[in-house]
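Quick caveat, the model's predicted, so the values are computed rather than measured. Read the numbers this way: they start at 1 and go in the same order the structure lists the ligands and their atoms. Heads up: numbering here begins at 1 and tracks the sequence.
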Amino acid sequence: MRTSMLRSMEAVLRRGEISFSSSSSSSHLLRRSYASESTPERKVAVLGAAGGIGQPLSLLMKLNPLVSNLALYDIAGTPGVAADVSHVNTRSEVAGYMGDEQLEQALTGSDVVIIPAGVPRKPGMTRDDLFNINAGIVKGLCTAIAKYCPNALVNMISNPVNSTVPIAAEVFKKAGTYDETKLFGVTMLDVVRAKTFYAGKANVNVADVNVPVVGGHAGITILPLFSQATPKANNLSDEHIVALTKRTQDGGTEVVEAKAGKGSATLSMAYAGALFADACLKGLNGVPDVVECAFVQSSITELPFFASKVKLGKNGVEKVFDLGPLSDYEKQGLEKLLPELKSSIEKGIKFANAN
Ligand SMILES: NC(=O)C1=CN([C@@H]2O[C@H](COP(=O)(O)OP(=O)(O)OC[C@H]3O[C@@H](n4cnc5c(N)ncnc54)[C@H](O)[C@@H]3O)[C@@H](O)[C@H]2O)C=CC1
Ligand SMILES: O=C([O-])CC(=O)C(=O)O
């Protein structure tokens, strides 16, 4: 029975009928979709592809039939990762690129660039403690993106996202290529966590759950809006909501501590990153009503960048949705997060302009 299941799965993959579902209707990673002979060519580059996130993310992007070319770039280790992933019998051609001199080739022609390059946290560190190393890495990679694929959608995973996205924006502005509809901080893992934790407490099917998560991607700047969660749960008290909010905000730290010095979330992040990149590709391909949360240039609060629901279209961000009705608890959370998020954004802008 197992053999016949594998055979039918392989047949479906060969026909290009499997795709990643955007989380809005189902949280199943693999699902039949509209992919067909007419699916356009799309090149996706993963920068940091040999890392803890990069490797499983590269595999998941290899499984995505919307991808025709997969460029795997890192400063080391990519030939092995690319050779390994390239043997998976799905649509995309895989190529590995290593070191500065191959970055141009990796990036040229990319439609989507996913950036999980940089150091992860160890117990006791905040995401901001990664700034000194990762800011420079992101700046270098974005300088190359501006040069070699200025029209690509950029999915920034490297932490601290609250600062690396503003850094990217400044680099692109200086290069004259900035387009606010094409730059995204990936906050999808916060949404993935909020859905999982909510489903567990509310006792509902996780595949049906939707929870917007707004703000930023660090500690209290992560604000899950459980008052807008669906399906509605009648069994959750205020205490439950406070606990769910805290667990979502501390989700990254929970993994960092459990890994005890061996890094931060990689597998769940690869899943979340693959879902978000899939949503970007669907938007580029003209699929209607693709809506996900992301940290983008925004005017829905006083801050220049903010995570909220965004509609993805043929050019990237088509619409930034406002926050909708908030509970009193969420209003307080919003007030509390603004100063920290503001200072992280300013730190990124200052770094980009000083260096
Ligand atoms: N946005 C989010 O929700 C999340 C973000 N992260 C962040 O993602 C980043 C990566 O995490 P991991 O994969 O666990 O780290 P890792 O250390 O396992 O992998 C990072 C990879 O980046 C590569 N790299 C370093 N400098 C580079 C450069 N200039 N160009 C290309 N590649 C370069 C390294 O060689 C390594 O292979 C960290 O900053 C981490 O904090 C992690 C989890 C969730
Ligand atoms: O916590 C970290 O350092 C990694 C991260 O951003 C997450 O898991 O949300």
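- Residues Glu254 and Arg247 are paired through a salt bridge, judged by an N-O separation under 4.0 Å between the basic side chain and the carboxylate.
- The protein heavy-atom contact nearest to atom 7 (C) of ligand 2 is Arg127 NH2, 3.4 Å.
- Electrostatic pairing of Lys347 and Asp128 counts as a salt bridge here, judged by a charged N lying under 4.0 Å from a carboxylate O.
- By the 4.0 Å heavy-atom criterion, Leu189 is counted among the residues contacting ligand 2.
- Taking the six-membered ring where tryptophan is involved, the planes of Phe351 and Phe131 are perpendicular, since the angle between them exceeds 60° and thus also 30°.
- Taking the six-membered ring where the residue is Trp, the centroids of Tyr329 and Phe226 are separated by 6.0 Å or more.
- Each of the following atoms of ligand 2 lies closer than 4.0 Å to a heavy atom of Ala265: 8 (O).
- Residue Lys122 does not touch ligand 2, judged by heavy-atom distances below 4.0 Å.
- From the protein, the heavy atom lying nearest to atom 6 (O) of ligand 2 is His217 NE2, 2.6 Å.
- Of all atoms in ligand 2, numbered sequentially from 1 with element shown, those under 4.0 Å from a heavy atom of Gly252 are 1 (O), 7 (C), 8 (O), 9 (O).
- Residue Arg193 places a heavy atom less than 4.0 Å from ligand 2.
- Here Asn159 has side-chain heavy atoms under 4.0 Å from ligand 2, and that is the only part of it that gets that close.
- Using a cutoff of 4.0 Å between basic side-chain nitrogens and carboxylate oxygens, Glu41 and Arg91 are scored as salt-bridged.
- Heavy-atom contacts from other residues, nucleotides or ligands closer than 6.0 Å to NZ of Lys173 number more than 12.
- At a threshold of 4.0 Å, the pair Arg42-Asp111 counts as salt-bridged, since one of the basic side-chain nitrogens sits closer than that to a carboxylate oxygen.
- Partners of Lys311 by salt bridge (charged side-chain N to carboxylate O under 4.0 Å, His left out), not counting sequence neighbours, listed by chain and number: Glu318.
- Between Glu346 and Lys350, none of the side-chain N atoms (NZ, or NE/NH1/NH2) sits under 4.0 Å from a carboxylate O, so this pair counts as no salt bridge.
- Checking only distances, Asp190 never comes within under 3.5 Å of ligand 2, N or O to N or O.
- Protein residues with a heavy atom under 4.0 Å from ligand 1 are Gly48, Ala50, Gly51, Gly52, Ile53, Tyr73, Asp74, Ile75, Pro116, Ala117, Gly118, Val119, Pro120, Leu130, Asn134, Ile137, Leu141, Ile157, Ser158, Asn159, Val161, Val186, Leu189, His217, Ser264, Ala265, Thr266, Met269.
- For ligand 2, the atoms closer than 4.0 angstrom to any heavy atom of Arg121 are 1 (O), 2 (C), 3 (O).
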Under the side chain to side chain donor-acceptor pair (under 3.5 Å) rule, what do Arg127 and Ser163 come out as? Steps first, then yes or no, please.
CA-CA 10 Å; Arg127 290 179 182 81; Ser163 303; over 6 Å; no
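- The distance between the ring centers of Phe276 and Phe184 falls below 6.0 angstrom.
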